[in-house]
Amino acid sequence: MFLLAVLFLRDHPDYMVGLILVGIARCIAMVLVWNELAKGSREYAAGLVALNSIAQILFYSFFAWLFITVLPPYFGVAGAS
């Protein structure tokens, strides 16, 4: 999503930031859906969803800072502050 934002929305910084924020938010509900469709282990999927949720809580702000302020200047786009 970061690359899509930089490639297509470099002239619209607000939209670019929005796309990056949506891209770093992991969708944990679809893990449960795909696991059910694949007839996978519900316990294993629940454990992965729990770990994913914890990781998202811990690292979301770091990833947002990294992808919005640090990395865009390397691609020729002004980073947001």
Side-chain angles (χ1 to χ4, degrees):
M1 292 300 254
F2 172 75
L3 291 177
L4 289 175
V6 169
L7 287 175
F8 296 113
L9 298 172
R10 68 175 52 238
D11 296 332
H12 305 283
D14 294 335
Y15 290 137
M16 186 179 79
V17 169
L19 185 61
I20 291 170
L21 289 175
V22 169
I24 61 176
R26 300 175 185 145
C27 180
I28 57 177
M30 287 307 297
V31 173
L32 299 173
V33 171
W34 286 109
N35 181 62
E36 195 65 32
L37 290 173
K39 302 199 186 326
S41 169
R42 289 182 180 174
E43 293 81 13
Y44 185 66
L48 289 177
V49 166
L51 289 174
N52 192 1
S53 299
I54 292 169
Q56 188 166 349
I57 290 169
L58 294 175
F59 297 119
Y60 186 83
S61 60
F62 171 72
F63 285 144
W65 170 77
L66 180 70
F67 287 113
I68 293 173
T69 61
V70 176
L71 290 180
Y74 291 110
F75 291 89
V77 179
S81 58

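These values consider heavy atoms only, across backbone and side chains, with no hydrogens, waters or symmetry-generated copies. Sequence positions, counted from 1, serve as the residue numbers for this chain. Small disclaimer: the values here were computed from a predicted structure and weren't measured.
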Criterion side chain to side chain contact (heavy atoms under 4.5 Å, CB included) on Cys27 and Met30, from CA distance to verdict | CA-CA 6 Å; Cys27 180; Met30 287 307 297; 3.6 Å; yes
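- Residues Ile20 and Ala5 come closest through the heavy atom pair CG1-CB, 3.8 Å.
- Ring geometry, Phe67 versus Phe2: the interplanar angle falls from 30° to 60°, so the pair is classed tilted.
- Ile28 and Tyr44 fall into different hydrophobic clusters, where Ile, Leu, Val, Met, Phe, Trp and Tyr are joined by side-chain heavy atoms under 4.5 Å apart, directly or via other members.
- Cluster membership check: Leu51 does not share its hydrophobic cluster with Ile57, using side-chain heavy-atom separations under 4.5 Å among Ile, Leu, Val, Met, Phe, Trp and Tyr.
- For the pair Leu21 and Ile68, the minimum side-chain heavy-atom distance is below 4.5 Å.
- Criterion: ILVMFWY side-chain heavy atoms under 4.5 Å apart, direct or through other members. Under it, Phe59 and Val70 are part of a common hydrophobic cluster.
- Summarising the local packing, OH of Tyr60 is surrounded by more than 12 heavy atoms from other residues, nucleotides or ligands at distances under 6.0 Å.
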For the pair Phe8 and Leu19, evaluate side chain to side chain contact (heavy atoms under 4.5 Å, CB included) and give the outcome as yes or no after the intermediate values.
-> CA-CA 11 Å; Phe8 296 113; Leu19 185 61; over 6 Å; no
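- Two different hydrophobic clusters hold Leu58 and Leu48 under the rule that ILVMFWY side chains link at heavy-atom gaps under 4.5 Å.
- Under the 4.5 Å side-chain heavy-atom criterion for ILVMFWY residues, a single connected hydrophobic cluster contains both Met1 and Ile24.
- Nearest approach of Met16 to Leu9, heavy atoms of both residues: CB-O, 3.7 Å.
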